[in-house]
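Here's the structure we're looking at; comments come further down.
Just the heavy atoms: all of them, side chains too, but no hydrogens, waters or symmetry mates, feed the values below. Everything numeric in this text was worked out from a predicted model, so none of it was measured.
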Amino acid sequence: ASWLAHDAGDARSSDSWADRAMRLAREIGYHDMIAWMLTNRSQWAATREDPRQAVAFASAAGRTRGVSTYLRALCALRIAHGHALAGDAAACERSIADAHRLLDRPDASNRVLGEHAVSPPYVLADEARCWLQLRPRRAITLYEAALREWPRDRPRGLGIQRARLALAWVAAGERD
């Protein structure tokens, strides 16, 4: 419900549903759901171009006690995006490296919630989104690689990544 409210442009309802989901998750000790909702809020802060909040929500998600390794990797990617929005390439690269380090761990394969979010094409797309802010030519290569691997049963995301690839080409000065 939170995600749908966000997509509909109703930030107040989106935040309310996110808060409710986190309260319920805390009651039952569902740590991954708490982190998942915080990473969503980080992503939404990034869409509002609020790097401070994007980093703050993702950092809080990563500090959630008992959160899975793969969700901590997703947190690192969201932190990277916040740093990219702030124009901090070095911090962005460090966070991307943190995400890869976490994803390379043997326990990172234990996925339940939102497992597609840290699959290879999604990780490439998240990296590309960072570089779109910082170095658009680098983003082009990453988006193209992500699109080659993108699951065809996820057309919404496919369309979004294609649009972002077009934005990367424009940002790199290649309007044609």
Is there side-chain contact between [X] and [Y], with heavy atoms separated by less than 4.5 Å?
{"X": "T141", "Y": "W131", "result": "no"}
{"X": "W36", "Y": "L74", "result": "yes"}
{"X": "Y30", "Y": "I34", "result": "no"}
{"X": "I28", "Y": "M33", "result": "no"}
{"X": "T64", "Y": "M22", "result": "no"}
{"X": "R20", "Y": "L24", "result": "yes"}
{"X": "C92", "Y": "L134", "result": "yes"}

At their closest point, which heavy atom of [X] faces which heavy atom of [Y], and how far apart are they?
{"X": "P121", "Y": "A146", "answer": "O-CB, 3.4 Å"}
{"X": "V123", "Y": "L103", "answer": "CG2-CD1, 3.7 Å"}
{"X": "L38", "Y": "F57", "answer": "O-CB, 3.5 Å"}
{"X": "V55", "Y": "H83", "answer": "CG2-N, 3.9 Å"}
{"X": "A128", "Y": "L142", "answer": "CB-CB, 3.6 Å"}
{"X": "R78", "Y": "A58", "answer": "CB-CB, 3.6 Å"}

Worked check of side-chain contact (heavy atoms from CB on, under 4.5 Å) between R41 and D19:
CA-CA 10 Å; R41 292 182 96 170; D19 288 342; 2.7 Å; yes
Chi angles and distances behind the side-chain contact (heavy atoms from CB on, under 4.5 Å) call for Y122, E149:
CA-CA 9 Å; Y122 282 77; E149 295 182 36; over 6 Å; no
### Query
Are any side-chain N or O atoms of S14 and backbone N or O atoms of S2, one a donor and one an acceptor, separated by less than 3.5 Å?
yes
Return the [atom1] to [atom2] distance between [X] and [Y], rounded to the nearest 0.5 Å.
{"X": "D7", "Y": "W3", "atom1": "CG", "atom2": "CH2", "answer": "6.5 Å"}
{"X": "Q133", "Y": "L167", "atom1": "CD", "atom2": "CG", "answer": "10.0 Å"}
{"X": "R52", "Y": "L85", "atom1": "CZ", "atom2": "CG", "answer": "13.5 Å"}
{"X": "I160", "Y": "W150", "atom1": "CD1", "atom2": "CH2", "answer": "8.0 Å"}
{"X": "H6", "Y": "T47", "atom1": "NE2", "atom2": "OG1", "answer": "4.0 Å"}
{"X": "E93", "Y": "D88", "atom1": "CD", "atom2": "CG", "answer": "10.0 Å"}

Q.
Could you check whether atom CD of E49 has more than 12 heavy atoms from other residues, nucleotides or ligands sitting under 6.0 Å from it?
A. no
**Message:** Quick check: is W44 connected to W17 through a chain of hydrophobic side chains (ILVMFWY, heavy atoms under 4.5 Å apart)?
**Reply:** no
Quiz item: Transitively linked via ILVMFWY side-chain contacts under 4.5 Å: Y143 with L124?
Solution: no
So side chain to side chain donor-acceptor pair (under 3.5 Å) across residues 159-169, not counting sequence neighbours, yields none
Any Lys/Arg nitrogen of E174 or R137 sitting under 4.0 Å from an Asp/Glu carboxylate oxygen of the other? yes
